[in-house]
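Notes follow once the structure below has been shown.
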Amino acid sequence: MKTTFLRALSLATVALAALLSAPAMAQLSVDVTGDIDSNLKIAVPPMPAQQEATTPAGSASDLGRKVAEVIASDLKGSGLFDPSGPGGLPAIPFPEVTFPQYEKWGAYQALVQGFVRTSGGEADITVGCYLYDVALKQELTRQGFVVAPRDWRRAAHKCADAIYARLSGESPFFDSRIAYIAESGPKGNRTKRLAIMDSDGANHRFITNGQSIALTPRFSPDYKSIVYVSYLGARVRLYVYDIGTGQQRLVTESNNPTFAPRWSPDGRNILFSMAAAGNTDIYRVSANGGSPVRLTNSPGIDVGGSYSPDGSRIVFESDRSGGQQLYVMNADGSNQRRISHGGGRYATPEWSPRGDLIAFTKMSGDFKIAVMTPNGDNERILTNGWQDEQPTWSPNGRVLQFFRTTPGRQGTSQVWQVDLTGVNERRIPTPLSGSDPAWGPLLP
């Protein structure tokens, strides 16, 4: 995706402080560990076309409306804002994009305007995106994105990312993708295919055909590959799928149960768990293949290593103390110590990309998504479903996706999302049942 600034930002960082201190904007809070006031009202009217033209993705004016819809949906889904539009809001003429008529938007605190420009056909489209403070009557940021017509949604996500980052002070996460396992068929004989989609569920496609069972995908740090487990008969294989070429290569295979692969932050190694001779341990193998190195050797079941962002430590689950608990060790397997001490059992830990928290599945009656600090303090439950499992972090470490299984004979699963307040939950639409989500980094 080609990305260009339409011009330099007109306001420095001090403008954000002015925005947040203004009475009309005082409701915004970005304390992710406390209550979030989601009453920051943002108007997102349809984006006009500079001139009408037809592209394979629709007319320029249609694209302007669809881009505004995605922006509003992204901002709403973040849990921090209360956007309106584009439906129900008045259309604006093209000259008004850079000269907003603030008196029209007095019921809102912020205003998103923009435009779509294209000569039609297969020619690139330019999406301009502007954020204004209605109370101060000032521009906060503007960006422009030049993309192929088929990539118009990426331009919309990029625009939403710019707005989110400017208003929240946090890193963005909308222009990213999710890998997950699409499930179909009866409960006892499910077909499980590797699938990929945008962070909001759009642009969905299947990667594997279901002839073998696919499990536990994870994106590489450079976003170019996905590692996953494939079961075909008695053979268990770790594959790396190249997103750009569609090719895959074998990393390691075994007759022993193998699961939970995870990349190292530098992309050179892959952790995985394997059961052998009555013991399950965590191993490390080069991403290019080779002989695995065992990192744990305590009696019992050690599963699910996840690296800290700096690659120095690994969090994992183990039942060596009699029940599933969380442990941390150095990257070479040394200095293994328990960090969870609450009631119930702990599973599927994943280190936040910020490094400040570890997410996990808390099993105490029902299964719930929870977080704690890396030393085991400040444990917090975020969800209250019947069976919520396998958290995966957004690129900015503020939102988690997981899968939720419904009670009943079929026990279907769906991909869900929750932020760190535990307040903003929503389901991510998928064409089939979904499990094992893995949130990738921001797209390059």
Side-chain angles (χ1 to χ4, degrees), residues 179-181 194 214-231 236-241 248-254 256-276 279-298 300-320 324-340 346-353 355 357-361 374 389-393 436-441:
Y180 80 103
I181 301 303
L194 179 60
L215 297 172
T216 56
R218 284 298 182 272
F219 282 100
S220 62
D222 63 5
Y223 213 92
K224 294 180 179 179
S225 305
I226 298 172
V227 63
Y228 72 100
V229 176
S230 174
Y231 277 77
V236 188
R237 297 175 172 91
L238 281 187
Y239 282 115
V240 169
Y241 172 85
Q248 63 182 20
R249 55 184 170 81
L250 180 67
V251 176
T252 187
E253 65 178 321
S254 173
N256 299 317
T258 303
F259 37 92
R262 299 289 187 272
W263 294 89
S264 62
D266 60 10
R268 296 179 179 178
N269 296 299
I270 295 172
L271 294 178
F272 66 96
S273 301
M274 183 171 65
N279 216 49
T280 300
D281 286 299
I282 297 171
Y283 294 78
R284 182 186 68 234
V285 66
S286 168
N288 295 319
S291 299
V293 176
R294 189 169 69 176
L295 299 180
T296 63
N297 56 13
S298 295
I301 300 174
D302 297 336
V303 178
S306 171
Y307 281 97
S308 61
D310 64 3
S312 65
R313 292 179 291 169
I314 295 168
V315 63
F316 63 101
E317 66 181 89
S318 175
D319 69 352
R320 64 183 66 178
Q324 288 170 275
Q325 298 291 332
L326 300 188
Y327 290 74
V328 168
M329 62 181 172
N330 294 336
D332 62 0
S334 63
N335 192 27
Q336 299 178 20
R337 60 185 182 86
R338 178 174 164 178
I339 62 170
S340 61
Y346 297 74
T348 66
E350 185 168 296
W351 219 303
S352 165
L357 293 171
I358 291 170
F360 56 93
T361 303
E389 302 178 70
Q390 295 252 357
T392 179
W393 290 97
D436 292 346
W439 208 325

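Atom CG of Leu238 and atom CE of Met274 lie 9.5 Å apart (nearest 0.5 Å). Here the straight-line distance linking atom CD1 of Ile358 with atom CG of Leu326 works out to 7.0 Å at 0.5 Å rounding. Summarising the geometry, atom OG belonging to Ser298 is positioned 8.0 Å from atom CG belonging to Asn279; distances are rounded to the nearest 0.5 Å. Remark: Tyr346 OH to Arg338 CZ distance equals 8.0 Å, nearest 0.5 Å. Atoms CH2 and OG, from Trp263 and Ser225 in turn, are 5.0 Å apart once rounded to the nearest 0.5 Å.
Taking the ring pair (Phe, Tyr, Trp, His ring centres under 6.0 Å) definition, one finds that Tyr283 meets it with Phe272, sequence neighbours left out. Take Thr280 and apply the side-chain hydrogen bond (donor to acceptor under 3.5 Å, both in side chains) test, not counting sequence neighbours, and it matches no residue.
The nearest pair of heavy atoms linking Pro257 to Tyr231 is CA-OH, 3.6 Å. In plain terms, the two heavy atoms of Ala438 and Phe219 that are nearest each other are O-CE1, 3.4 Å. Residues Gly305 and Ile282 come closest through the heavy atom pair N-CD1, 4.0 Å. When all heavy atoms are compared, the tightest approach of Ala179 to Ile226 is CB-CD1, 4.0 Å. The shortest non-hydrogen separation linking Trp351 to Gly355 is NE1-O, 3.3 Å. Shortest non-hydrogen contact noted between Val229 and Pro261 is CG2-CD, 3.6 Å.
Using a 4.5 Å heavy-atom threshold, the side chains of Asn269 and Val293 count as separate. Side-chain contact between Phe259 and Leu215 is absent, with no heavy-atom pair separated by less than 4.5 Å. Pro391 is listed as a side-chain neighbour of Thr361, based on a closest heavy-atom distance under 4.5 Å. With contacts defined as side-chain heavy-atom distances shorter than 4.5 Å, the pair Tyr228/Tyr239 qualifies. Taking the side chain as every heavy atom from C-beta outward, Pro217 and Ile181 approach each other to under 4.5 Å. Considering only heavy atoms from C-beta on, Thr252 stays 4.5 Å or farther from Ile270 through its side chain. Residues Asn256 and Val236 fail the side-chain proximity criterion, which asks for heavy atoms closer than 4.5 Å.
Tested against Met329, the residues Val315, Thr296, Asn335 include a single side-chain contact (heavy atoms from CB on, under 4.5 Å) partner, Thr296.
A donor-acceptor contact closer than 3.5 angstrom is absent between the side chains of Glu350 and Ser306. For the 3.5 Å distance criterion, the side chains of Asp332 and Asn330 fail to qualify, holding no donor opposite an acceptor. Side chain to side chain, Asp436 and Thr216 fail the donor-acceptor criterion of an N or O pair below 3.5 Å.
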Under the criterion side chain to side chain donor-acceptor pair (under 3.5 Å), I'd like the reasoning laid out for Gln325 against Ser340: C-alpha separation, chi angles, the key distance, then a yes or no.
CA-CA 6 Å; Gln325 298 291 332; Ser340 61; 2.6 Å; yes
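Residue pairs meeting the salt bridge (charged side-chain N to carboxylate O under 4.0 Å, His left out) criterion with at least one partner in residues 300-317, sequence neighbours excluded, are Asp302-Arg320.
In the displayed structure, Arg249 atom CZ is contacted under 6.0 Å by more than 12 heavy atoms of other residues, nucleotides or ligands.
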